[in-house]
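Encoded as structure tokens, the structure appears first; notes follow it.
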Amino acid sequence: MLEKTFDPKTVEPRLYDRWEASGAFSPDARLAQDPNAETFSIVIPPPNVTGSLHIGHALNNTLQDVLTRFERMRGKAALWLPGTDHAGIATQMVVERQLAAEGNIDRRALGREAFLERVWKWKAESGGTITRQLRRLGASCDWSRERFTLDDGLSAAVRKVFLTLYKEGLIYRDKRLVNWDPRFQSAISDLEVQQLEVEGAYYHFAYPYEDGSGEIVVATTRPETMLGDTAVAVHPDDERYQGVIGKMLAHPITGRKIPVVADDYADPEKGSGAVKITPAHDFNDFEVGKRHRLEMINVFDPEARLNDSVPQAFRGLDRFVARQKIVEQMEELGLMRGIEKVRHAVPHGDRSGVVIEPYLTDQWYADAKTLAQPAIKAVETDATVFTPKNWEKTYFEWMRNIEPWCISRQLWWGHRIPAWYDADGLIYVEETEAAALAAAKAKHGRKMELRQDEDVLDTWFSSALWPFSTLGWPEETKDLKRFYPTSVLVTGFDIIFFWVARMMMMGLHFQKEVPFHRVFINALIRDERGQKMSKSKGNVMDPLELVDQFGADALRFTLVAMSGQARDIKLAKQRIEGYRNFGTKLWNAARFCQMNECVRVEGFDPGAVKLTVNRWIVGETVKCARAVTKALEDCAFDDVATTLYRFIWNVFCDWYLELAKPVLNGDDQVARAETRATAAWVLDEMLKLLHPVSPFITEELWAELAAFGGPARATMLISADWPKHPDAWLNADAEAEMGWLIELVSEVRSIRSEMNVPPAARAPLVLVGAGADTKVRLARHRELITTLARLSEVKEAETAPQGSAPFSIGEATAALSIAEFIDLAAEKARLQKEIAGHANDADRTRKKLDNPDFIARAPDEVVEENRERLAEAEAAQAKLESALIRLESVA
RNA sequence: GGGCGGCUAGCUCAGCGGUAGAGCAACUCGUUUACACCGAGUAGGUCGGGGGUUCGAUCCCCUCGCCGCCCACCA
């Protein structure tokens, strides 16, 4: 016998170990059975090795698991390929922090090799955290295929891609402005830059003409960069400055002669209309500088301190110290023309948090513009579809305006760029050092010493290859052939640009096929007040704590139920508790079945049941299964959850089991056997349908129910096939009949409650004006109605008895005979309210039908529907009105 | 400055052309042998405002108002 509640704590680890050990997470068994089995594949968005599972991971991975388990049950060779990302900067930071804590060791002091050894050691010790946590969620990943972005195979793929794109001219080296992070002393991509609003000021500086003929005023928020000014620009049509274009200015601090140039970039509306040009430290100025062949003076060192290109007094100063000093000096020189406080957006590194400098360096770039074209087309033609669809707009917006992708990073942890330089500075891009040496030898006719590029690739470079590199590319593996393109990618909108777009580009370029047919964008989880969860706010919900508290199934069900179209989810513990209760409800329904010996019957045919209740529940099960299947196919996760919730709780538990009780306790052996078998069958179907969402409780019940009298069963992973039912099992008659019964019972309950009839009191129900069908239904279900509505009897009569409370049901009137409980005033009020409701309905419908336009233009079935509605409302109104008159005559 | 969302019962959200739904909360009953992590019932909404299209609009169009997110090099 089952306990009263499900105990996830003991059950979950036991079941997971059993699943994993069985090998059923891998598609290999299915493929061995049928090499041509249809495939389904998902590659996990690889979490950072440094990471631990947060609630967003829980959501993202739950959805993937739901889909994988569903497709596996449908008989597909389903692969969910797991793995982790080396997460360049993030991981390097973690280890650097460790070193600092250990005694202020700088990685540079340690040296590259020793440092990397430390990182690998750290990875070996702590890198498995998140995959262990995924197991606790129930994730049915194929761990035998687990990959890491820095493992040998993936590293080889990275080198191959780099070399190929280089040869194609799609990767190149260039000297231009990059977003420079002075803390990491590395370039970062546009996407890693965050604009933050900060307090700043416009400083208005006067630059005197060299010939002493006056001055020109310019404004800047960054005085320190003025040391690198090499021009002042004005708009060519700006009348104020017509005479001065081409004149030379004397730089106020360096004394350098700089020209006034005419350029469209200068906006006459802004400030004085003149703008200082610092080509080496501003993206716009860089362009202006190129147009006018201006000198590009880099004034910073890699840590953003002023370098030797500036006057002695400023050398070595931190940029912000220098800013203050420049301002002071300009004031002393009498060239300060004003300071205006302003809040403005300033670029910050998303990881380091420090202000980013546009900085002139040599970096490697990928020609994203070219790579993006097929990726745009693929989404335009629906080769890849986003769900929800509107994310495609975001994708297009970015892809159509894409900039060259800076792919080199001045870090140590990552894929080292496979480029070597000889003493002459010639570049050899090859997959291996040996190949580079050979190439150099061929070039020079003798052996050359080579130096490998110090930089590593942006972490997202290897992530971009993930859908095919993990499947064995560049080898032509069976996995690659079978599982690429993958079926669906489930990810968050925050990495559409970072990751999804780049996988599209790389996948299409190297595989000539999209990396995934569908991209499901899951929501962002916020706290119950809608705040973003963050450690500093102290509002983070730890998914593992929630699993401890409510069980993995409850958390999973909640996350699935809340995954609608909205872009964020407000998560409250109360919700999880509610869905934990749902699990308990199911558990107890199973317990009830067990107690009543509802055991699966081999060869049971749900299409052949005789009892109306059984025919009805079979039909409802079919409808539920179809709705769930459709919802899963459409990634309509909230529908999956609500459909199951309603069916299991509100249909199966609330009605079917209650209706089954009299039969299960009755003397009719045939009816009893049929009902037991039906209940067991429905329960099995429910377990299967719920399994993708709540795998633990369903698996446990699967085993428990089998153990009770039936044959032992293998795990659901192996033995449960997804429900598929013929149309013949649907039953409209039974549905209508049970609908009538439910309405009847509900009405009686409602009246009892409103009239305060004590629960123990049993009253007769009288049916007046029943048609033939109703008589049949009544005869068939008299016992059920009597029990469920707590009646003494149900009978027919010509008129409703004195002191009864009537209500309308179909063509008939039913009256609950409760004279001793009736409060005349209350009953009168009840009737009046009912009558008003029907009258209101009738009025509105009549008005509609009186409108000739409606009759002429509305579809026939809508008109017909309204005619019926009017007739019913009028009839119900009339019946209750006469009842009210009788009531008043009594009073 | 561009772009994208949201505004529906006290709260969280479904519905997205044919007269408003769920869960939670509230209230009233209830120890009927699966379940009090339960059962039965009740109450609660001019679907953000204003226009328009339509026989008919919460649903489509325009507009305004809040709230949120993303992108953007403006001195």
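Predicted, not measured: the structure shown is a model, and the values here were computed from it. Chain A is the first sequence line, chain B the second, and so forth, proteins listed ahead of strands; every chain is numbered from 1.
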### Query
How far, in whole Å, is C55(B) from G45(B) if one measures between their C1' atoms?
26 Å
#### Entry: Closest nucleotide among G39(B), A34(B), U42(B) to the L657(A) side chain
A34(B)
### Query
How is P859(A) classified with respect to the nucleic acid when contacts are heavy atoms under 4.0 Å: base, sugar-phosphate, or nothing?
base
### Touch class at under 4.0 angstrom, heavy-atom based, for A572(A) against every strand present
nothing
### Task
Tell me what D841(A) touches on the nucleic acid: a base, only sugar-phosphate, or nothing, going by heavy atoms under 4.0 Å.
base
### Message
With a 4.0 Å cut-off on N to O distance, would you call R846(A) and E874(A) a salt bridge?
### Response
yes
### Task
Measure from CD on Q574(A) to P on C37(B) and round the result to the nearest Å.
15 Å
### Message
Taking the C1' atom in each of G56(B) and C71(B), what is the distance between them to the nearest angstrom?
### Response
41 Å
### Query
Given that both distances must come in under 3.5 Å, which nucleotide forms a Watson-Crick or G-U wobble pair with G39(B)?
C29(B)
### Message
Below 30° counts as parallel, above 60° as perpendicular, anything between as tilted: where do the rings of H204(A) and Y202(A) land?
### Response
perpendicular
### Message
Using the P atom as the point on both nucleotides, what is the distance between C29(B) and C47(B), in whole Å?
### Response
34 Å
### Message
Go nucleotide by nucleotide along RNA chain B from the 5' end; which of N650(A) and A590(A) gets its closest nucleotide reached first?
### Response
N650(A)
### Query
The side chain of F854(A) lies closest to which of these nucleotides: A14(B), A43(B), G18(B)?
G18(B)
### Task
Rounded off to whole Å, could you give me the CD-to-P distance for the E658(A) and U33(B) pair?
11 Å
### Task
Report yes if a donor N or O on one partner sits less than 3.5 Å from an acceptor N or O on the other, where the partners are the side chain of T845(A) and the base of U19(B); otherwise report no.
yes
### Message
Say we look at G1(B) and C62(B): how far apart would their C1' atoms be, to the nearest angstrom?
### Response
23 Å
### Message
Mind checking if D282(A) touches a base, just sugar-phosphate, or nothing, with heavy atoms under 4.0 Å?
### Response
nothing
### Message
How about CG on D860(A), more than 12 heavy atoms from neighbouring residues, nucleotides or ligands closer than 6.0 Å, or not?
### Response
no
### Message
If I take atom CZ in residue R762(A) and atom P in nucleotide U32(B), what distance separates them, rounded to the nearest angstrom?
### Response
13 Å
### Query
Which value, in whole Å, describes the distance between the C1' atoms of nucleotides C7(B) and G48(B)?
6 Å
### Query
Should C66(B) form a Watson-Crick or G-U wobble pair with both distances under 3.5 Å, which nucleotide is its partner?
G6(B)
### Residue whose closest nucleotide on RNA chain B lies nearer the 5' end, R575(A) versus Y203(A)
R575(A)
### Task
Give Y202(A) one of three labels, base, sugar-phosphate or nothing, depending on what nucleic acid heavy atoms sit under 4.0 Å from its own.
sugar-phosphate
### Query
Does a nitrogen or oxygen in the side chain of N581(A) sit under 4.0 Å from OP1 or OP2 of C38(B)?
yes
### Query
Would you say the side-chain atoms of N650(A) and Y645(A) include a donor-acceptor pair closer than 3.5 Å?
no
### Task
Round to the nearest Å and state the distance from K4(A) atom NZ to C37(B) atom P.
10 Å
### ring-ring contact (aromatic ring centres under 6.0 Å, His included), paired with W391(A), selected from F520(A), F493(A), F497(A)
F493(A)
### Task
Could you tell me whether R790(A) contacts a base, only the sugar-phosphate backbone, or nothing, with contacts defined as non-hydrogen atoms closer than 4.0 Å?
base
### Message
Using atom C1' in both nucleotides, what's the gap between G17(B) and G52(B) to the nearest angstrom?
### Response
15 Å
### Query
What nucleotide among A14(B), U42(B), A34(B) has an atom nearest to a side-chain atom of S750(A)?
U42(B)
### Message
Please give me the minimum heavy-atom distance between H348(A) and I356(A), naming the atom from each residue.
### Response
C-CG1, 3.4 Å
### Task
Could you please name the partner base of G23(B), counting Watson-Crick and G-U wobble pairs only when both distances are under 3.5 Å?
C11(B)
### Task
Grab the CD-P distance between E783(A) and U32(B) for me, whole Å please.
20 Å
### Query
Does the side chain of S189(A) come under 3.5 Å of the side chain of E192(A) through a donor N or O and an acceptor N or O?
yes
### Message
Using a heavy-atom cut-off of 4.0 Å across all strands, would you classify T642(A) as base, sugar-phosphate, or nothing?
### Response
nothing
### Task
Return the nucleotide paired to G45(B): Watson-Crick means purine N1 to pyrimidine N3 with N6-O4 or O6-N4, wobble means G-U with N1-O2 and O6-N3, both under 3.5 Å.
none
### Query
Is there a side-chain polar atom (N or O) of K570(A) under 4.0 Å from OP1 or OP2 of C24(B)?
no
### Query
Which part of the nucleic acid, if any, lies within reach of R222(A) when heavy atoms closer than 4.0 Å are counted: base, sugar-phosphate only, or nothing?
nothing
### Message
What's the gap between U19(B) and U8(B) when it is taken at their C1' atoms, as a whole Å value?
### Response
16 Å
### Message
Counting only side-chain nitrogens and oxygens, does K393(A) get under 4.0 Å of the OP1 or OP2 atom of C70(B)?
### Response
no
### Task
Among the candidates G30(B), C38(B), G18(B), find the nucleotide nearest to the side-chain atoms of P759(A).
G30(B)
### Summary
Atom CD1 of I569(A) and atom C1' of G23(B) are separated, to the nearest Å, by 15 Å
### Task
Identify whether the distance between the nearest side-chain nitrogen and carboxylate oxygen of E215(A) and R337(A) falls below 4.0 Å.
yes
### Task
Please work out if T394(A) contacts a base, only the sugar-phosphate, or nothing of the nucleic acid, heavy-atom cut-off 4.0 Å.
nothing
### Task
In whole angstrom, give me the gap between the P atoms of G21(B) and C61(B).
25 Å
### Listed nucleotide nearest any side-chain atom of S746(A), set A14(B), G41(B), U12(B)
G41(B)
### Query
Choosing from C55(B), A43(B), U12(B), which nucleotide comes nearest the side chain of M562(A)?
U12(B)
## Note on the structure
Per atom distances to the W649(A) side chain, the nearest of C24(B), G39(B), C55(B) is G39(B)
### Task
Taking only the side-chain heavy atoms of F493(A) (C-beta and beyond), determine which of U12(B), A34(B), C69(B) contains the nearest atom.
C69(B)
### Query
Without hydrogens or angle criteria, can the side chains of D229(A) and T278(A) be said to hold a donor-acceptor pair below 3.5 Å?
yes
#### Entry: C35(B) base / R591(A) side chain donor-acceptor hit below 3.5 Å
no
### Task
Searching all strands shown, indicate the nucleotide that pairs with C60(B) (Watson-Crick or G-U wobble; both distances under 3.5 Å).
G52(B)
### Message
Less than 3.5 Å apart, any donor N or O on the side chain of K389(A) or T387(A) sitting next to an acceptor on the other?
### Response
no
### Query
Is V862(A) touching bases, backbone alone, or none of the nucleic acid, heavy atoms closer than 4.0 Å?
base
### Query
Rounded to whole angstrom units, what separation is found between the CZ atom of R844(A) and the C1' atom of A20(B)?
11 Å
### Side-chain N or O of W398(A) closer than 4.0 Å to phosphate OP1/OP2 of G2(B)
no
### Task
May I have the distance from D853(A) (atom CG) to C55(B) (atom C1'), rounded to whole angstrom?
5 Å
### Among C71(B), C4(B), A34(B), the one nearest F497(A) by side-chain distance
C71(B)
### Message
Categorize K661(A) for me: base, sugar-phosphate, or nothing, with a 4.0 angstrom heavy-atom threshold over every strand shown.
### Response
base
### Query
Under 4.0 angstrom, heavy atoms only, what part of the nucleic acid is T584(A) near: base, sugar-phosphate, or nothing?
base
